[in-house]
Peer 1: 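For reference, the structure I am asking about is given below.
Excluded from the calculations below are hydrogen atoms, water molecules and symmetry mates; all remaining heavy atoms, backbone and side chain alike, are included. Nothing here was measured: the structure is a model prediction, and the numbers come from that model.
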Amino acid sequence: MLEIKFIRENIELVKEGLEKRGYSTSILDSFQSKEEKRRKLIQEIDEARRERNKIQERINKGEMELIEKTKDLSEKIKYLEEIARDVEKEFDEILYSIPNIPHSSVPYGKTPEDNQEIKRWEKPKEFSFTPRPHWELGKNLGILDQERSVKLSSSRFSMFFGKGALLERALIFFMLDLHTKRHGYIEISPPFLVNSKTMTGTGQLPKFSDDLFKVDDSDLWLVPTAEVPLTNIHSDEILDGASLPILYTAYTPCFRKEAGSYGKETRGLIRQHQFDKVELVVITKQDDSYSYLETLTSNAEEVLKRLELPYRVVVLCTGDLGFSASKTYDIEVWMSGMGKYVEISSCSNFEDFQARRGNIKYRTKEGKTKYVHTLNGSGLAVGRTFAAILENYQTSDGKIIIPHALREYMEEEVIQ
RNA sequence: GGAGGGGUACCGAAGUGGUCAUAACGGGGCGGUCUCGAAAACCGUUUUGCCUUUUACGGCAACAUGGGUUCGAAUCCCAUCCCCUCCGCCA
C-alpha cells in the first residue's frame, strides 16, 4: 500500500498513476472523504481520552465526586470508538485497493501489445521439419499425461511420467543449485499454505481472492507463488540494516484458479492450476532496489542462457503492470512448436508497497527505522521451462536432446 | 482429541484493579569515563504506531488478538490464536 500521508499530499500524482494503469480514479474520492472522517474521529477520541485521563488523575488523588462526570465521558469515548472501528475498516479496504504507482521509467500503454522489447538473446533455432508443440511431444514420448490428471483432478492439471518426472526434478535441482551456488541466494523450503494476513502482505488479498484456492474451514490459502511466503518471512520485523540485501530462493508448487481464462491455452503446460516454480526474492534498502531489479532479472536470464533457450526481455507497460509492482520485466522464452515467445519469468520491484503491508522495516546506522524494498522474480517457471526444452530440443523423429547444463542431473543425453 | 501451564520490551523476568507501566530487576546492544589498548568497573542510553498541515520540551494508543465488566484493566470475565508439558492418535 501507499503511505496515507503521501496519497493525501500527492493526490494528483496518485491519480495520474491510476490513470496510467487504466484504473478508475473514483476510489480516490472515497479515499479523501473517508480519510478526513477518520482523522477527525481520531482527534476527537484522543481529546476525549486526554480529558478522561486528567479527571482520572484527580479521582486517584481523592476527588471521588468526579466519578459521575467521567462516566459520561467514558460512554462518549466508547461510542466514538465504535464508529471509528467501522470507519477504519472501510478506510483500510480503500487503502488496500489502491495499486502501486508505476516507476517513471515504465512506458505508457494499455495492453500487453504496448510492452516494450528491450533485449533479445539468441535467434530461434531453424528446424528442417515442422516443430511440434510440447504437448504432442510429451504425449508421444509417454512422459506427459494430461488425460489421467484430468481424471484425478480436473482440467489444467498434468502429470509427468518416468523421464518426464525426472526432467522436472532435474530442472528444479539445476535452478536451485545455480541460484544458491552462483548467485548467492539462501534456499528456503516454505509452507505451501499460508494465512490471510500473509496473503495481504504481498497484495494477493483482499482484491484478488478469486484467483486463489482456499482450504475449507480454515484461514489457509494455497500459495499462488513462493513470493508470498518468502517476502513475508520478515513481516512485522525490524531488520538490521547491515543484513541487507537478503536473497531468498525457493522451489514450491503454485496454485492458481486462473478464473476468467476458460478456453484459453487449454492444451499443454502453459496455463495450469498447479505448476512448479523456483522463485527469487530480494529484500533491499530503497537506494539499491532498482539496481537489484537488474541483477534479479539477469539471475533469471542466466537459467535460460545455460539451458541455451532463446528468449527476449520486455518491460511491462503501465496498463499491464501488476497491482503491487512499480516496474516489471517479463522474460519470454521461444517456443519452437508454438512458434512464439511465451512468458517464463516476471521480475518486479515493489519498492515499499509490500513492505508497508507486511510491515517489514530495517534500522539504519543512525538508528532510524525505514521500510525495506522488496523484489521478486521467477527463476523460472518449471512447467514452461519443461515445455520450452521439449519444443526447442526436439528432433525430427520426436526425441528430446537434453541440454548440456542438465546432463549431470539426467544421466542421459536423449529422451526417447 | 483430552488434561494442565503459559503469552509483558532485543532476551530473561517482576507486576494479579488506582502511589501513573515505557514498564522494576538481571542480561544484551549502543555511547562515554578509565586504559598504550583491551577486560573489569563506573556513568548514561536503548519500543512502536497514530494525531496535531511542519515541529515540540505536545497529545493519544499498544502487556498475544478481539470483545466485555468497572469511574478506572497487564491485572477480573468471555471468545479466538499461538507456545510448552502429559495422555491418546498418527506420517
Peer 1: Going through the distances and angles, do A:F192 and A:F255 end up as a ring-ring contact (aromatic ring centres under 6.0 Å, His included)?
Peer 2: CA-CA 9 Å; A:F192 301 160; A:F255 303 92; 7.4 Å; no
Peer 1: Who is the Watson-Crick or G-U wobble partner of B:C20, with both distances under 3.5 Å?
Peer 2: none
Peer 1: Out of B:C60, B:C50, B:G67, which nucleotide sits closest to the side chain of A:R50?
Peer 2: B:C60
Peer 1: Could you give the distance separating B:A9 and B:A62 at their C1' atoms, to the nearest angstrom?
Peer 2: 12 Å
Peer 1: Could you state the atom-to-atom distance from CD of A:E47 to P of B:C51 in whole Å?
Peer 2: 16 Å
Peer 1: Would you mind reading off the distance between A:D46 atom CG and B:G58 atom P, rounded to a whole angstrom?
Peer 2: 15 Å
Peer 1: Just the rounded figure in Å: distance from C1' of B:A64 to CG of A:D236.
Peer 2: 12 Å
Peer 1: CZ of A:F91 versus C1' of B:C51: gap in Å, rounded?
Peer 2: 13 Å
Peer 1: Can you see whether A:Y185 engages A:N299 through a side-chain donor-acceptor pair at a distance of less than 3.5 angstrom?
Peer 2: yes
Peer 1: Which value, in whole Å, describes the distance between the P atoms of nucleotides B:G66 and B:U85?
Peer 2: 28 Å
Peer 1: Within the 4.0 Å heavy-atom criterion, would you say A:K78 contacts the bases, only the backbone, or no part of the nucleic acid?
Peer 2: sugar-phosphate
Peer 1: For nucleotides B:C82 and B:U69, find the distance between their C1' atoms and express it as a whole number of Å.
Peer 2: 26 Å
Peer 1: Under a 3.5 Å limit for both distances, which nucleotide forms a Watson-Crick or G-U wobble pair with B:U33, could you say?
Peer 2: B:A41
Peer 1: If only side-chain N and O atoms of A:S74 are considered, is one of them under 4.0 Å from the OP1 or OP2 phosphate oxygen of B:G72?
Peer 2: yes
Peer 1: A:R49 or A:R8: which one's nearest nucleotide on RNA chain B is closer to the 5' end?
Peer 2: A:R8
Peer 1: Does the structure show a Watson-Crick or G-U wobble partner for B:G28, both distances under 3.5 Å? Name it, or say none.
Peer 2: B:U46
Peer 1: Between the side chains of A:H179 and A:T249, does any donor sit under 3.5 Å from an acceptor?
Peer 2: no
Peer 1: How far, in whole Å, is B:G6 from B:C42 if one measures between their C1' atoms?
Peer 2: 38 Å
Peer 1: Measure CD1/A:I77 against P/B:A61 and give the value in whole Å, please.
Peer 2: 8 Å
Peer 1: Nearest whole Å is fine: how far is B:C71 C1' from A:E51 CD?
Peer 2: 14 Å
Peer 1: Paired with B:C89: which nucleotide, if any, by Watson-Crick or G-U wobble criteria at under 3.5 Å for both distances?
Peer 2: none
Peer 1: Between A:Q43 and B:C51, is there a contact of a side-chain N or O with OP1 or OP2 at under 4.0 Å?
Peer 2: no
Peer 1: Expressed in angstrom and rounded to an integer, what is the separation of A:D240 atom CG from B:C10 atom P?
Peer 2: 14 Å
Peer 1: Work out how far the C1' atom of B:A23 is from that of B:A74, and round it to whole angstrom.
Peer 2: 10 Å
Peer 1: Using the P atom in both, what is the distance from B:C60 to B:U52, to the nearest Å?
Peer 2: 16 Å
Peer 1: With no hydrogens and no angle check, do the side chains of A:T364 and A:K370 hold a donor and an acceptor under 3.5 Å apart?
Peer 2: no
Peer 1: Check every atom of B:C50, B:U48, B:G72 against the side chain of A:R363 and return the nucleotide holding the closest atom.
Peer 2: B:U48
Peer 1: In the structure shown, which nucleotide is the Watson-Crick or G-U wobble counterpart of B:U69, with both distances under 3.5 Å?
Peer 2: none
Peer 1: Is the A:Y248 ring parallel, tilted or perpendicular to the A:H234 ring (thresholds 30°, 60°)?
Peer 2: parallel
Peer 1: Find the partner of B:A64: check Watson-Crick (N1-N3 plus N6-O4 or O6-N4) and G-U wobble (N1-O2, O6-N3) distances, both under 3.5 Å, and reply none if neither fits.
Peer 2: B:U80
Peer 1: What I want to check is whether the side chains of A:N195 and A:T198 have a donor and an acceptor closer together than 3.5 Å.
Peer 2: yes
Peer 1: If you assign each of A:I42 and A:K71 to its closest nucleotide in RNA chain B, which residue comes earlier from the 5' end?
Peer 2: A:I42
Peer 1: Taking the C1' atom in each of B:A73 and B:G2, what is the distance between them to the nearest angstrom?
Peer 2: 32 Å
Peer 1: At under 4.0 Å, does any side-chain N or O of A:R39 touch on OP1 or OP2 of B:U52?
Peer 2: yes
Peer 1: Answer with yes or no whether the side chains of A:S326 and A:N100 bring together a donor and an acceptor at under 3.5 Å.
Peer 2: yes
Peer 1: Which nucleotide, B:G49, B:C50, B:C71, lies nearest any side-chain atom of A:R38?
Peer 2: B:C50
Peer 1: Tell me whether the OP1 or OP2 atom of B:C60 has a side-chain N or O from A:N53 closer than 4.0 Å.
Peer 2: yes
Peer 1: Applying a 4.0 Å non-hydrogen cut-off, can you work out what A:R58 is touching in the nucleic acid: base, sugar-phosphate, or nothing?
Peer 2: nothing
Peer 1: How far, in whole Å, is B:U8 from B:C25 if one measures between their C1' atoms?
Peer 2: 14 Å
Peer 1: Return the nucleotide paired to B:U54: Watson-Crick means purine N1 to pyrimidine N3 with N6-O4 or O6-N4, wobble means G-U with N1-O2 and O6-N3, both under 3.5 Å.
Peer 2: none
Peer 1: Between C1' on B:G72 and CD on A:Q56, what's the gap in Å once rounded to a whole number?
Peer 2: 4 Å
Peer 1: Less than 4.0 angstrom from a charged side-chain N to a carboxylate O is my criterion; do A:R8 and A:E35 meet it?
Peer 2: yes
